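To start, the structure itself, in C-alpha cells.
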2 protein chains.
Amino acid sequence: MTADVPQSTRPVTLEDVARVAGVSRATVSRVINGATTVDPALRQVVEQAIAATHYVPNRAARSLVTRRTDSIALVVSEQEQRSVATPFIGRMFTDPYFGRVVGGLLDVLRPAGVQMMLMLVDDEVSRGQLLSYLRQGHVDGVVLVSAHGADPLPQMITETRLPAVHAGRRAQLTGVTYVEVDQRAGVQLAADHLVGLGRRRIGTVTGPQDMPAAQERLDGFLGAMARHGIDDVACVEGDFTHAGGAAAMKQLLAGRPGLDGVFVASDLMALGALPVLAREGRRVPQDVAVVGFDDSNAALACDPPLTTVRQPVEEMSSEMARLLLRQINEPGLRPPSVIFHPALVVRESA
Amino acid sequence: MTADVPQSTRPVTLEDVARVAGVSRATVSRVINGATTVDPALRQVVEQAIAATHYVPNRAARSLVTRRTDSIALVVSEQEQRSVATPFIGRMFTDPYFGRVVGGLLDVLRPAGVQMMLMLVDDEVSRGQLLSYLRQGHVDGVVLVSAHGADPLPQMITETRLPAVHAGRRAQLTGVTYVEVDQRAGVQLAADHLVGLGRRRIGTVTGPQDMPAAQERLDGFLGAMARHGIDDVACVEGDFTHAGGAAAMKQLLAGRPGLDGVFVASDLMALGALPVLAREGRRVPQDVAVVGFDDSNAALACDPPLTTVRQPVEEMSSEMARLLLRQINEPGLRPPSVIFHPALVVRESA
DNA sequence: GTGAAAGCGCTAACAC
DNA sequence: GTGTTAGCGCTTTCAC
C-alpha cells in the first residue's frame with residue numbers, strides 16, 4: 001500500500017505531484033501532456049508520483065490557459081410546444097432518431113476524450129441563453145440538430161464563429177459544414193420500388209411540412225412518381241410520430257380506398273400505419289405495398305418487416321463528430337460537407 | 001451607436017469592463033454576480049459598460065476560484081452490447097424512457113442555469129474514464145440512470161463524494177438519494193384491475209430480469225396475483241423493446257392459448273404485443289385484457305388505447321434535478337429519497 | 001532536458 | 001460601498 005497519500009480533503013494539485021516526484025511543476029505538466037522532451041527516468045518517477053497521489057488535473061485551470069474545454073455542445077432546436085396537455089419539454093428527445101444521433105456522436109467523441117453537453121433551444125429566451133453560453137467559451141464546438149425550417153439559430157451559431165456542424169442541408173444557407181442524406185435519391189428509390197412492383201394507386205404519409213427534410217421527401221417523391229407518369233398521389237401529413245402515422249394512414253385510406261402502394265416518410269410512422277391497414281382488411285404487401293424511410297429499429301419491429309430507405313444516421317452523426325473535431329483541431333479549416341447515399345432495404349412490406 | 005468597442009480579437013475581460021466603467025474589477029464582479037452592496041448609480045454605469053463591450057464572463061476562470069461549474073452529468077450506465085450487428089452504442093438512448101428523463105431534468109436545470117453533460121458508461125474503460133472525469137471536478141453533481149442490477153457504478157460514484165441522485169431504488173444500497181416509482185404498488189393496481197374484470201387466466205410479459213425494476217414488477221405482480229388466489233401466471237421475458245414485446249407475446253400465446261388477461265411490463269412492449277394478439281384472432285379487451293406499464297406516448301399510440309400503470313417519469317426526473325441542486329447548494333445535505341405513487345390509467349385495452 | 005516565473009480571468013477576503 | 005490584493009491550478013515561454 002502506498003502510504004504517502006495525504007488523507008487531507010484538499011485536492012491534489014500539480015504542485016503536490018511535483019513535490020512528491022522531486023521535480024518542477026513544468027516537468028509534471030509535460031509528462032501529463034505527453035511531451036516528448038522528458039527524460040524517460042524522470043518520466044517514470046513522475047508517473048509513479050501521479051499514481052501515488054491519485055492526481056487528476058483540474059480542467060478549469062487547464063481551460064483557463066489553453067482556451068480549450070474538450071467538450072462540445074449538442075444543440076437541439078425545436079419549436080416551442082409546451083401546453084397544459086404536454087407540460088414537459090423535448091419532443092425530439094423521445095424520437096428514436098435522436099437516440100441514434102447521440103450514439104453516433106458518442107462513438108467518435110468518447111475515444112477522443114471529448115465530452116458532450118446537451119442543450120435544448122425552444123424559445124427566444126433559451127436561444128439567448130444558448131448563445132451567451134457558447135460565447136462564454138465553455139465548449140469548443142457545436143453540433144446542431146434543428147428540425148424546423150424557419151429557425152434563426154443556425155445563422156446565429158455561425159455568427160459565434162465557433163466550429164460547428166449542422167445535421168441537415170439547411171446549413172448550406174449559412175455556409176456551415178453539414179451532413180445529410182440525399183433525401184431525393186432516397187425517395188426516388190422508394191418510388192421506383194413501388195412502381196416496379198406494379199403499384200399505380202399511390203399514397204404517401206409525409207412528415208411535418210415545416211421541416212425541410214420532410215418537404216424534400218414529399219417533393220422528391222412526387223417528382224419521382226411524376227416521372228413514372230403518376231400524378232395523382234394522395235398525400236396526408238403526419239408528424240413523424242407513431243400515433244401520427246396511424247392517424248394519417250387512416251385518413252389516407254378513407255380518401256383513397258383503392259390504394260395499392262404507400263410511401264411513409266418515416267419508419268416510426270409506418271409502425272403506426274401498418275396496423276391500420278391490417279384493421280381495414282388490407283394485406284401487406286399483397287393489397288398494399290408499404291415503403292418506409294430511415295431503417296431504424298422500428299422497421300424490424302413492423303409486421304411485416306418493413307421495406308424501407310436506409311438513412312445511416314449513426315454513421316452520419318459519427319461523421320459530424322469527426323468533422324467537428326477536425327475544425328476544432330485546425331482552426332480556420334472549413335471541412336467540406338458530406339452527403340450520404342441512401343439505400344433501399346427490401347424486406348416484406350413491399 | 002456605442003463606439004468604444006475594440007474590434008480586437010482578444011476576448012473582453014472583467015478588466016476591460018472595469019476600465020470602461022471607471023471602476024475596479026471587484027465592483028464589476030459584484031454587479032455580475034448580483035451582489036446587493038453596489039451603489040445603484042455605479043451599477044448602472046457598469047451595466048452599460050458590460051453591454052458596450054459585449055462582455056461575457058469566462059467560466060473556466062470562474063470555476064477555478066468558485067470550484068463550481070454550474071453543470072451536472074447525466075450518466076447512463078448500460079451493459080456492453082456492441083456487436084457486428086449493432087456496432088453503435090447507446091441502446092438506452094433510443095428508449096422513449098430516456099427522452100422523458102432528459103425532458104424532466106432539463107425542465108428544472110435550464111431555469112437554474114445548470115448545464116447537462118451526457119455521459120455513457122458501458123464497459124470497464126468508460127467507467128474508469130467517467131470516474132476520472134468526475135474527480136476532475138468538471139461537474140457539480142451527477143444523475144445516474146443505471147439499468148442493470150450488477151452495476152458497480154453506483155457504489156463508485158458514491159465514493160467520489162460528489163452530490164448524486166440515482167434513478168431507481170437500487171441506490172438504497174449505497175445510501176445515495178434516489179427517486180423511484182413504487183413498482184409493487186403499480187403492479188398491484190394492474191393485477192387488481194385484471195382480476196376485477198373477471199380475468200383468471202393470466203399471463204405477463206416481463207422486462208429483462210437482470211434489471212431490478214423489471215424484477216420487482218414481475219415479483220410484485222406474481223405476489224398480487226397469488227393474493228387473489230391465482231398461482232399459475234404464465235411468464236415470458238421481454239427486453240423492453242417494441243419487437244421484444246411482440247416476440248414475447250407470441251410465445252406467451254403459444255404456451256397459453258386460453259389467456260384472458262395480460263400484464264405487459266412496459267408500454268413499448270405492449271405496443272408490440274397488441275398486433276400479435278390481433279393477428280392471432282384475439283379481440284382486446286373482449287377476449288384478452290391488456291394492461292401496460294409507464295403511461296408513455298406509446299400507450300396512446302396503441303390500438304386500442306392502452307390501459308396502463310402511470311409512472312410519472314418527467315415529474316420524477318424533475319424531482320431528481322431538484323434534489324441534486326439542493327445537495328449542490330447545501331453541501332453535506334443528503335435529502336431524503338422520494339418514492340412516487342403510480343396510478344392506473346384506464347383506457348380501452350382492459 | 002529542466003526549472004523559474006509569468007499569467008490565463010475571475011472571486012473573495014480584507015482594508016479603507 | 002468600493003478598491004486592493006492574493007490566489008484558484010495550470011501551461012508556457014524563456015533561461016539555463
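Computed from heavy atoms alone, side chains included, the values below leave out hydrogens, waters and symmetry copies. All chains are named by letter (A, B, ...) in the order of the sequence lines, taking the proteins before the strands, and each is independently numbered beginning at 1. Owing to the predicted nature of the structure, the values given are computational and were not obtained by experimental measurement.
Heavy-atom nearest nucleotides on DNA chain D were determined for Ala60(A) and for Ser24(B), and the one closer to the 5' end corresponds to Ser24(B). Each of Ala26(A) and Val65(A) has a nearest nucleotide on DNA chain C; the 5'-most of these lies closest to Ala26(A).
Close to dT11(D), at under 4.0 Å from its OP1 or OP2, lies a side-chain N or O of Asn33(A). When the side-chain nitrogen and oxygen atoms of Ser29(A) are compared with OP1 and OP2 of dC10(D), none of them lie within a distance under 4.0 Å. Contact between the side-chain N/O atoms of Thr27(B) and the OP1/OP2 oxygens of dG3(D) is found at a separation under 4.0 Å.
Proximity note for Thr66(B) (side chain, C-beta onward) versus dT11(C), dT2(C), dC10(D): the nearest is dT11(C). Side-chain proximity of Ala61(B) to dC10(D), dC10(C), dT2(D): nearest is dC10(C). Among the nucleotides dA6(D), dA6(C), dC8(D), the one closest to any side-chain atom of Leu64(B) is dC8(D). When distances run from any side-chain atom of Arg62(A) to the nucleotides dG9(D), dT11(D), dG1(D), the shortest one goes to dT11(D). Comparing dT2(D), dA6(D), dT2(C) by their closest approach to the side chain of Arg25(B) singles out dA6(D).
In this structure, CD1 of Ile32(B) is placed 15 Å from P of dT2(D), rounded to the nearest angstrom. Rounded to whole Å, the distance from CD on Glu15(B) to C1' on dA6(D) is 15 Å. Between the CG atom of Asn58(A) and the P atom of dG7(D) there is a distance of 18 Å, given to the nearest Å. When rounded to the nearest whole Å, the span between CG of Asp16(B) and C1' of dG9(C) equals 10 Å. Rounded to an integer number of Å, the gap from CG of Asp70(B) to P of dC10(C) is 15 Å. Distance, Leu42(B) CG to dG1(D) P: 12 Å, rounded to whole Å. In this structure, CZ of Arg19(B) is placed 17 Å from C1' of dT4(D), rounded to the nearest angstrom. In this structure, the CZ atom of Arg68(B) is 19 Å from the C1' atom of dG9(D), given to the nearest Å.
Side-chain contact between Leu118(A) and Leu74(B): absent, with no pair of heavy atoms (C-beta onward) separated by less than 4.5 Å. Residues Arg110(B) and Asp122(A) are in side-chain contact: their nearest non-hydrogen atoms beyond the backbone lie under 4.5 Å apart.
Partner of Ile157(B) under the side-chain contact (heavy atoms from CB on, under 4.5 Å) criterion, chosen from Leu134(B), Leu162(B), Val176(B): Leu134(B).
Using a 4.0 Å heavy-atom cutoff across all strands shown, Arg59(A) reaches no nucleic acid atom at all.
If you check distances only, the side chain of Arg30(B) does reach the base of dG3(D) with a donor-acceptor pair under 3.5 Å.
More than 12 heavy atoms of other shown residues, nucleotides or ligands fall within 6.0 angstrom of atom CD in Glu159(A).
Between Phe98(A) and Phe98(B), the ring-plane angle classifies as parallel under the 30° and 60° cut-offs.
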